[in-house]
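Worth saying up front: this structure is predicted, and the values here are computed from it rather than measured. Residue numbers begin at 1 in each chain, while the letters A, B, ... track the order of the sequences.
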Number of protein chains: 2
Amino acid sequence: MRLLPEPTTRLAAESVYEDIPFPKADPAARRPYVAINMVSSLDGKAAMGGKAGAIGSPADRILMRTLRARADAVMIGAGTLRAEKLTLAVPEILARARKALGLRPQPLSVVATATGDLPLQTNLLGPPSENLLVLIPPGIPEERLATLSSKAKTEIVAQRKPTNQGGLVQTGTEPLLDLSEALWTLKRRYAVDVLLVEGGPALNHALISSGLADELFLTLAPKLLGGSRPEALTILEGPAVPPGKTAPELISLHLFDDELFLRYALHPQRGV
Amino acid sequence: MRLLPEPTTRLAAESVYEDIPFPKADPAARRPYVAINMVSSLDGKAAMGGKAGAIGSPADRILMRTLRARADAVMIGAGTLRAEKLTLAVPEILARARKALGLRPQPLSVVATATGDLPLQTNLLGPPSENLLVLIPPGIPEERLATLSSKAKTEIVAQRKPTNQGGLVQTGTEPLLDLSEALWTLKRRYAVDVLLVEGGPALNHALISSGLADELFLTLAPKLLGGSRPEALTILEGPAVPPGKTAPELISLHLFDDELFLRYALHPQRGV
């Protein structure tokens with residue numbers, strides 16, 4: 001059921017998020033249009049034991065796939081991939097629909113990592129190496145790079161600014177990936193105009209703190225999970241976000257079986 | 001704007017939460033009807049630097065007062081009182097409305113503490129000592145008890161079960177207050193049929209984990225705050241809640257200026 005925009009409308013789950021378009025890509029922008037999709041419990045928990053899979057309902061997973069089908073690429077952070085087995089692909093029926101629209105059948109699967117420590121073989125299900133891209137900073141050991149390159153395309157992202165600005169701040173002590181440059185690489189070299197990001201919380205935090213995320217799709221699951229860090233994480237893990245970095249505006253609201261599907265325009269602000 | 005229950009209706013902020021009654025108190029129950037009211041950012045942060053005050057909007061504060069006006073008592077945990085100056089009272093206009101209904105003008109202010117370490121004088125604004133009740137476990141040092149008793153009514157809550165069940169688990173190493181017994185004291189000795197709880201996260205967690213909370217009013221503020229424990233807290237801080245303790249059901253949904261006001265029936269389950 002769509003409650004916003006009005007009027008209230010009953011919809012099939014498959015139709016949700018098909019109805020409101022992403023803004024047209026700005027050809028002058030040095031990055032794609034970036035939408036983050038996350039699920040959280042009522043008490044703000046987005047992962048239990050590192051895993052988000054069990055928090056949302058089947059309806060949430062349908063919407064996740066609808067959003068993927070509308071993106072040129074789907075990106076996650078390395079921590080998310082290390083935490084659980086997952087796929088970034090869309091089901092066959094959506095792949096055929098994309099093909100009919102002249103798109104590549106599957107969105108590009110992208111993994112952002114600061115260390116190259118990625119269990120691609122065991123945890124990422126699906127993409128053939130030509131549809132999988134790993135974004136890494138310079139300085140990864142040769143051997144690790146060779147292992148990645150045997151399973152995926154790799155892009156070494158030069159670091160423009162040696163600061164936290166635009167950097168992928170991992171929860172631990174990993175070095176930084178310059179996200180601003182990484183997004184520019186996606187747009188320039190892979191024609192990615194719409195990028196869907198599916199976490200984790202450290203990647204979300206780095207994007208939002210750097211003014212690099214345009215939208216947030218937030219599923220609010222009717223659950224109270226409890227739990228603390230590092231076992232339980234919120235959708236944003238990192239230092240306090242400086243005030244004024246975002247001004248979230250609710251642009252749509254759907255409800256199914258007590259679960260809320262919220263879409264916010266973030267109106268990001270770059271710079272300090 | 002009320003989106004649920006349908007139909008969509010425009011309301012004055014002052015009318016929200018006046019329109020749907022609390023269930024009638026069950027005379028056989030050994031506790032009041034318990035509703036928790038919290039505000040959280042989109043990333044699940046309910047307090048920054050221990051303070052919740054700045055997260056919600058003026059509309060949220062209006063709703064908070066409406067809920068207080070409908071309760072026989074308003075309770076907080078000691079940590080919340082230590083973190084910031086606050087009042088649990090309602091404004092004069094609501095106090096007069098209560099009086100016209102035959103209620104006491106102000107709901108009883110209740111502070112639950114496991115140690116008696118409470119800055120009543122500096123941080124709790126408003127209640128005269130006859131309208132302020134402190135719930136404490138046995139074994140508090142005499143001197144501390146005397147200090148509390150000079151500023152408030154005090155009830156020493158005997159511990160029925162020396163387990164975490166029904167216990168107030170503080171974030172630190174404080175001993176336990178038997179919440180089940182504390183609630184029974186409120187009902188039996190102070191005629192509290194409807195209790196509003198305004199946090200903090202440790203008190204919420206203890207109530208929910210023990211199956212002692214009937215409703216959650218959750219304001220979802222359109223903000224992304226970031227921050228980590230202990231600086232930033234979620235609405236529920238403690239171990240993972242055992243599955244099946246609650247089955248939240250969305251019973252109303254209001255929207256004002258991108259802020260969502262959600263009301264959930266929790267359908268609590270007691271016992272293991």
In terms of heavy-atom proximity below 4.5 Å to chain B, should [X] be classed as side chain, backbone, both, or neither?
X: A/L218; result: side chain
X: A/M1; result: side chain
X: A/I251; result: neither

Side chains of A/L253 and B/L260, heavy atoms from C-beta outward: is any pair under 4.5 Å? yes
A side-chain contact here means heavy atoms from C-beta on lying under 4.5 Å apart; do A/L42 and B/P248 qualify?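 Heavy-atom side-chain distance check passes, below 4.5 Å.
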Which pair of non-hydrogen atoms, one from A/G226 and one from B/L236, has the smallest distance, and what is that distance?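 Closest pair (atom of A/G226, atom of B/L236, distance): N-CD2, 3.9 Å.
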Scan chain B against chain A and return every donor-acceptor pair whose distance is under 3.5 Å.
{"from": "B/E6", "atom 1": "OE2", "to": "A/R10", "atom 2": "NH2", "distance (Å)": "3.0"}
{"from": "B/R10", "atom 1": "NH2", "to": "A/E6", "atom 2": "OE2", "distance (Å)": "3.0"}
{"from": "B/K45", "atom 1": "NZ", "to": "A/T234", "atom 2": "OG1", "distance (Å)": "3.2"}
{"from": "B/K45", "atom 1": "NZ", "to": "A/L236", "atom 2": "O", "distance (Å)": "3.0"}
{"from": "B/L225", "atom 1": "O", "to": "A/V241", "atom 2": "N", "distance (Å)": "2.7"}
{"from": "B/G227", "atom 1": "N", "to": "A/G238", "atom 2": "O", "distance (Å)": "2.8"}
{"from": "B/G227", "atom 1": "N", "to": "A/P239", "atom 2": "O", "distance (Å)": "3.2"}
{"from": "B/S228", "atom 1": "OG", "to": "A/R229", "atom 2": "NH1", "distance (Å)": "2.9"}
{"from": "B/R229", "atom 1": "NH1", "to": "A/S228", "atom 2": "OG", "distance (Å)": "2.9"}
{"from": "B/T234", "atom 1": "OG1", "to": "A/K45", "atom 2": "NZ", "distance (Å)": "3.2"}
{"from": "B/L236", "atom 1": "O", "to": "A/K45", "atom 2": "NZ", "distance (Å)": "3.1"}
{"from": "B/G238", "atom 1": "O", "to": "A/G227", "atom 2": "N", "distance (Å)": "2.8"}
{"from": "B/P239", "atom 1": "O", "to": "A/G227", "atom 2": "N", "distance (Å)": "3.2"}
{"from": "B/V241", "atom 1": "N", "to": "A/L225", "atom 2": "O", "distance (Å)": "2.7"}
{"from": "B/L250", "atom 1": "N", "to": "A/D258", "atom 2": "OD1", "distance (Å)": "2.9"}
{"from": "B/D258", "atom 1": "OD1", "to": "A/L250", "atom 2": "N", "distance (Å)": "2.9"}

For atom CZ of B/F22, decide whether the heavy atoms of other residues, nucleotides or ligands shown that lie under 6.0 angstrom number more than 12. yes
I'd like to verify something: which residue of B/P243, B/A232, B/A240 has the highest number of heavy-atom pairs under 4.5 Å with chain A?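 Most heavy-atom pairs within the cutoff with chain A belong to B/A240.
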Residue, of B/A221, B/G238, B/G44, that accumulates the most heavy atom pairs under 4.5 Å with chain A: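 Looking at each option in turn, the highest pair count goes to B/G238.
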Might you work through the side-chain contact (heavy atoms from CB on, under 4.5 Å) test for A/L216 and B/L224, ending with a clear yes or no? CA-CA 10 Å; A/L216 171 66; B/L224 289 166; 4.2 Å; yes
State the CG-CG distance between B/L3 and A/L255, to the nearest 0.5 angstrom. 10.0 Å
May I have all residue pairs that pass salt bridge (charged side-chain N to carboxylate O under 4.0 Å, His left out) and include part of residues 199-208 of chain A, sequence neighbours excluded? none
